[in-house]
Engineer: 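Below you'll find the structure I mean.
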Amino acid sequence: ILQAEAIAYEDLGTEAIRKLELEGLVTMIPRRGAEVAKISEKNLKDVLEVRTCLDSLAVRLACQRITDEQIDDDFVLATKTGEATAITKADVKLHDVIVRATGNERLQQMINTLSEQMYRYRFEYIKDSAYHALLIEEHRRIYESIAARDEERAVAEITQHIENQLYTIRKHLHFTE
């Protein structure tokens, strides 16, 4: 039984590495194994282009479907905090509330998969304290547009939020264009 368990664990590990490779988070190197994939400008752009489409749909649906109960203290908190760790948690919370408010399970799955790739970019964006005030302001505007059920404004705000993220990450990682 121990040998069977060891094989099962090895298979799980191999499968996990394959999944990470498919998501672009690790690179397989022959005869060496896996290493964390470097952040490339193309991958950053690709991920943020997809995120713009999915998040635009999410805020549009959230405007249509969000309940008053979902516009709660946690949602408001995501727009009012100023410390880096708290901003990271608030950023995740804000996007989670929006995605849950859509009521669309397939969209939630797609955004959750993309979120795994976004995590490393989110870190690059939030670690620069010069952008904290802007990020909080963006959250406030996104929140207000959804609370007002203003779809066009919500789409414009989430799009601007993502464009600012692209600009900031590119600048921080010294990408050129």
Engineer: Hey, are Glu144 and Arg140 close enough for a salt bridge, meaning a charged N less than 4.0 Å from a carboxylate O?
Structural biologist: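 Answer for the salt bridge query: yes.
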Engineer: Give the minimum heavy-atom separation between Ala101 and Ile66, together with the two atoms involved.
Structural biologist: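 Scanning both residues completely, I find the closest heavy atoms to be CB-CG1, 3.8 Å.
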Engineer: Pick one: which of Gln165, Lys171, His172 meets side-chain hydrogen bond (donor to acceptor under 3.5 Å, both in side chains) with Tyr131?
Structural biologist: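 Only one option passes, and that is Lys171.
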Engineer: Considering all heavy atoms of both residues, which atom of Val155 and which atom of Ser56 are nearest to each other, and what is their separation?
Structural biologist: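 That would be CG2-O, 3.7 Å.
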Engineer: Hey, are Gln64 and Glu151 close enough side-chain-wise for a donor-acceptor pair under 3.5 Å?
Structural biologist: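 Looking only at side-chain atoms, Gln64 and Glu151 do form a donor-acceptor pair, the distance falling under 3.5 Å.
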Engineer: Looking at Asp68 and Arg149, what are the two nearest heavy atoms and their distance?
Structural biologist: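 Minimum heavy-atom contact is OD1-NH2, 3.4 Å.
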Engineer: Where do Cys63 and Ile146 come nearest, in terms of heavy atoms and distance?
Structural biologist: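 Heavy atoms of Cys63 and Ile146 come nearest at SG-CA, 3.8 Å.
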Engineer: Ring-plane angle category for His161 and His95, please: parallel below 30°, perpendicular beyond 60°, tilted otherwise.
Structural biologist: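 Aromatic pair His161/His95 classed parallel.
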Engineer: Do any N or O atoms from the side chain of Glu49 and from the backbone of Asp46 form a donor-acceptor pair under 3.5 angstrom?
Structural biologist: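 No, the answer is negative, given that no donor and acceptor are paired below the 3.5 Å cut-off.
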Engineer: In chain order, what residues pass the side chain to side chain contact (heavy atoms under 4.5 Å, CB included) check against Asn104, with sequence neighbours excluded?
Structural biologist: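 For Asn104 the side chain to side chain contact (heavy atoms under 4.5 Å, CB included) partners, ignoring immediate neighbours, are Leu61, Arg65, Thr102, Arg106, Leu107.
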Engineer: Please list all pairs meeting ring-ring contact (aromatic ring centres under 6.0 Å, His included) that have one or both residues in residues 99-118, counting only residues at least two apart or in different chains.
Structural biologist: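 Every candidate ring-ring contact (aromatic ring centres under 6.0 Å, His included) pair involving residues 99-118 fails, so no pair, neighbours aside, qualifies.
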Engineer: Using every non-hydrogen atom in the two residues, find where Glu157 and Ser145 come nearest and quote the distance to one decimal.
Structural biologist: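 Closest pair (atom of Glu157, atom of Ser145, distance): CG-OG, 4.3 Å.
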Engineer: Side chains of Tyr143 and Ile71: closer than 4.5 Å at any heavy-atom pair?
Structural biologist: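 The answer is yes, as the side chains (C-beta and beyond) meet within the 4.5 Å cut-off.
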Engineer: With sequence neighbours left out, write down each residue that passes side chain to side chain donor-acceptor pair (under 3.5 Å) with Glu163, or none if nothing qualifies.
Structural biologist: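 Glu163 satisfies side chain to side chain donor-acceptor pair (under 3.5 Å) with no residue once adjacent residues are dropped.
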